[in-house]
Amino acid sequence: MIRSGAPSPGAADLTACDREPIHLLGTLQPHGFLLVLEGPDLRIVQASTNLPDRLGRPAAERLEEVLGQSIRTAFPEAVPALESYLAQAQPSEGAAYLTTLALERGKGAGSYDLAAHRIGDLVVLEFEAVASEAASIQSLDALYPRLNAFVEGLHAAGSVAELCALLASDVRHITGFDRALVYRFDRDWHGTVVAEAGNGRLPSYLDLRFPASDIPAQARELYRRNRLRIIPDAGYEPVPILPSHTPSTGTPLDLSQSVLRSVSPVHVEYMRNMGTMASMSVSILVDGALWGLISCHDKAPHRVPLQARNACDFLTRIFALQLAARERGALAEQRIRLGMIQARLLGYMAEEEQFIDGLLNHPDDVLALVDAAGAAVVTAESCRLLGATPAADDIRALHTWVSSQPIRDGVFVTDSLGEDYPPARAFAERASGLLAISISQRYASYVLWFRPEVVQTVRWGGNPSKPATPDPARGPDRLHPRKSFETWKETVQGRSLPWSGPEIDAAKDLRAAVLGIVLRRAEELAALSEELQRSNKELEAFSYSVSHDLRAPFRHIVGYSELLRSREGTNLSETGRRYVDTIAEAALSAGKLVDNLLNFSQMGRNALNRVSGDMNQLVEEVRRKILRDVPPGRAIRWQVGALGRVYADPVMLRLVIENLLSNAVKYTRDRPEALIEIGREPDRDGEAVFYVRDNGVGFDMAYVGKLFGVFQRLHRVEEFEGTGIGLANVRRIVERHGGRTWAEGALGRGATFHFTLPLREEAR
């Protein structure tokens, strides 16, 4: 059979199934009983008709006695565990296991697992009878080795398929079902059996797909809200809950979180048609969304004790965490890879006068960005093709159609183009998938990526086009589930591999870059250029003011302080002389600060005069200059590696070396022996990487972001002199050369300052 795309069950089938209120059926499975409590006195307002009664009275008499009573009177055994549950500030979502207790009430005598959950002001209390074989079921201590082995196996599994196979095997082993399946939903909510473990009593469903109508929307929502469901015997007789409506609200009781909730008659019949009499399902939730199910079946009725069910729930939640981590990791790796491609494309576009040439001249990266086989860049004037694409005329027509679509955020995505645009069926072998981005806000300009058709043979568990048949005896909207589960093969054509989230995001990011950086920024850059010119003029005026209006007064202060000290020093007291020294030192420091500010402002305006030079020679010249001001008694050990040649402005680079070496000398002066190391790391990514390392006072890495800022200091001026501008000059000079700066350090353990300079052949 040939079909274009996946099948869709008939509208009547879907709407009838989706409308069935399976959470409001008002009945229970008979392996337990239920009480609904209300008010501060916890009075019983609803109850299932199978309440145990030591006197053996009819259900109606027992119900009449219990309804309106407090749980403290009717079932005092349950009160301690219930009060502990109610005392919780934030009770757990869904049904919570409270305890296992014994009832001594005639026909109902025995042990029960007690569970509770809340519905608004109501408390629903459920007593699930402990299976007679529960005593022989493994305890949690006995299950621990199995659980531990499962966790170890998850880490060792090399793929998602292996994870699923491990889960199916362990769940079947713990529960004793004939067959355990791992069932994964796709984006259309069709489910595929991706792993299976069985004993051969039931047929294999591995790799079979089941239509979305088999698990309708409201059932999937219940699976999401209530992770674990069990049907011990598909032949059970439902037990009513009376009264059918809660007296205080007048509405049916919502059993979404119930452990004992009865299931849809359609589902029970579905199980019988599958040849199974017992089932259990555990929901697989990834980031709160329903990823799939573990579905267990048995040919005969089969009870699974609470301990085993809890163990399965535990395994499934661990599996889901591991699955989510792997999927996030795979997506993160893909995003990083695509981000690198996108960065290259942005660089190519920036180098070209016409940004489109940056794309057209690098077709491999354009296609690799979204893993496409072909692409086209279409504007009103041109249609440029890359890779395997439809004919230009076909793309023109497709471009016109895409331009007329109400696409969101300028992006159009489909993996079944022929369904949306029928003419595309003629070139499906080249373009069954389309990812398109608009690259202009004024004109119909697009980048179109194409993926070829991938013909698939899908094995369905029965004919998906006939999932259900009407049941006239039960009303026009009631259905019989399908009866055949024999393998039904279908050939799906007209579809490509789906586009992944990271691929779509990469296309969106490219669109944003084109619009925001290459096109829309044109006017902003023009305005910015004017603003920069105005700022430069103001900066020049400021520099002039600093050099002529501020420097002279500071020199006068220093000069007159020296005159006062030399001529009138004998007439001054010790305190007066100290004041004069302080004035002179402060004025001298202020003068240095003004000089440094002037140098800093000039860094951005002076033209770079790059030449190739010997870095070791420059370092040696700077080192000798610095040593002139070092006291004779200081011990400094220098380690200078092979630094090679660099291509830079020697005057500005000298200032970088002076600042870094001066800092190293200054911040190691309290060490018995200062160790200062200057070296060059292996070149990488077209950069020469240098470092200056010392064993001085270091700094706290929490403040590393402040190091290269103007007036930023990490030490008090009383401890170490300085203006706080030196490292800002270092960063500005290095960045003007196209390099980078960063630092590493620890308090009391020294610091290392790195900077890079771009390479060229002569400097390597």
Side-chain angles (χ1 to χ4, degrees), residues 338 341-454 494-500 502-519:
L338 298 182
I341 297 172
Q342 181 188 2
R344 289 201 298 270
L345 288 174
L346 293 179
Y348 299 148
M349 289 189 291
E351 293 172 356
E352 301 288 348
E353 184 175 350
Q354 297 295 325
F355 78 92
I356 289 181
D357 292 337
L359 301 178
L360 298 175
N361 295 336
H362 300 87
D364 291 343
D365 279 338
V366 172
L367 299 180
L369 182 68
V370 295
D371 194 20
V377 180
V378 187
T379 65
E381 298 81 19
S382 65
C383 177
R384 306 289 294 275
L385 307 182
L386 308 173
T389 69
D393 290 343
D394 291 328
I395 291 179
R396 277 290 186 192
L398 176 61
H399 166 257
T400 301
W401 175 79
V402 170
S403 301
S404 67
Q405 298 303 301
I407 60 179
R408 183 179 179 183
D409 298 329
V411 180
F412 179 85
V413 184
T414 179
D415 59 10
S416 54
L417 181 58
E419 292 183 7
D420 301 308
Y421 177 64
R425 295 171 185 169
F427 47 82
E429 73 282 356
R430 285 181 174 259
S432 286
L434 172 66
L435 173 55
I437 60 170
S438 168
I439 56 173
S440 173
Q441 293 185 332
R442 297 184 59 188
Y443 307 104
S445 301
Y446 282 84
V447 178
L448 309 175
W449 286 278
F450 305 104
R451 279 184 177 172
E453 176 185 49
V454 178
R495 282 184 177 265
S496 71
L497 295 176
W499 307 92
S500 70
E503 290 164 347
I504 296 172
D505 290 342
K508 289 180 178 179
D509 290 343
L510 181 66
R511 175 180 184 269
V514 170
L515 295 178
I517 298 175
V518 181
L519 299 180

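Worth saying up front: this structure is predicted, and the values here are computed from it rather than measured.
In terms of heavy-atom proximity, Leu346 sits nearest to Ala513 at CD2-CB, 3.2 Å. The two atoms that bring Leu338 and Pro502 nearest to each other are CD1-O, 3.6 Å, heavy atoms only. In this structure, Leu345 and Gly358 approach most closely via the heavy-atom pair CD2-O, 4.5 Å.
For the atom pair Leu434 CG and Trp449 CH2, the distance stands at 10.0 Å (nearest 0.5 Å). Here the straight-line distance linking atom OG of Ser404 with atom NE2 of His399 works out to 10.5 Å at 0.5 Å rounding. Within the model, atoms CZ of Arg430 and CD1 of Ile395 stand 9.5 Å from one another, a figure rounded to the nearest 0.5 Å. The CG atom of Leu359 sits 7.0 Å away from the CD1 atom of Ile439 when rounded to the nearest 0.5 Å. Residue Ile437 holds its CD1 atom at 12.5 Å from CD1 of Ile504, rounded to the nearest 0.5 Å. Leu367 CG to Thr389 OG1: the interatomic distance, rounded to the nearest 0.5 Å, is 10.0 Å.
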Could you go step by step and tell me if Glu503 and Val413 meet the side-chain contact (heavy atoms from CB on, under 4.5 Å) rule? CA-CA 11 Å; Glu503 290 164 347; Val413 184; over 6 Å; no
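A ring-ring contact (aromatic ring centres under 6.0 Å, His included) with Phe412 is found for exactly one of Tyr421, Trp401, Tyr446, Trp499, namely Trp401.
Donor-acceptor pairing under 3.5 Å is recorded for the side chains of Thr379 and Ser382.
Arg451 places no side-chain N or O within 3.5 Å of a backbone atom of Leu435 that could act as its donor or acceptor partner. With hydrogens and angles disregarded, no donor-acceptor distance shorter than 3.5 Å links the side chain of Arg495 to the backbone of Asp415.
For Arg384, the CZ atom is loosely surrounded, since the number of other residues' heavy atoms within 6.0 Å does not exceed 12.
When side chains are defined from C-beta on, Leu510 counts as touching Met349, because their heavy atoms get closer than 4.5 Å.
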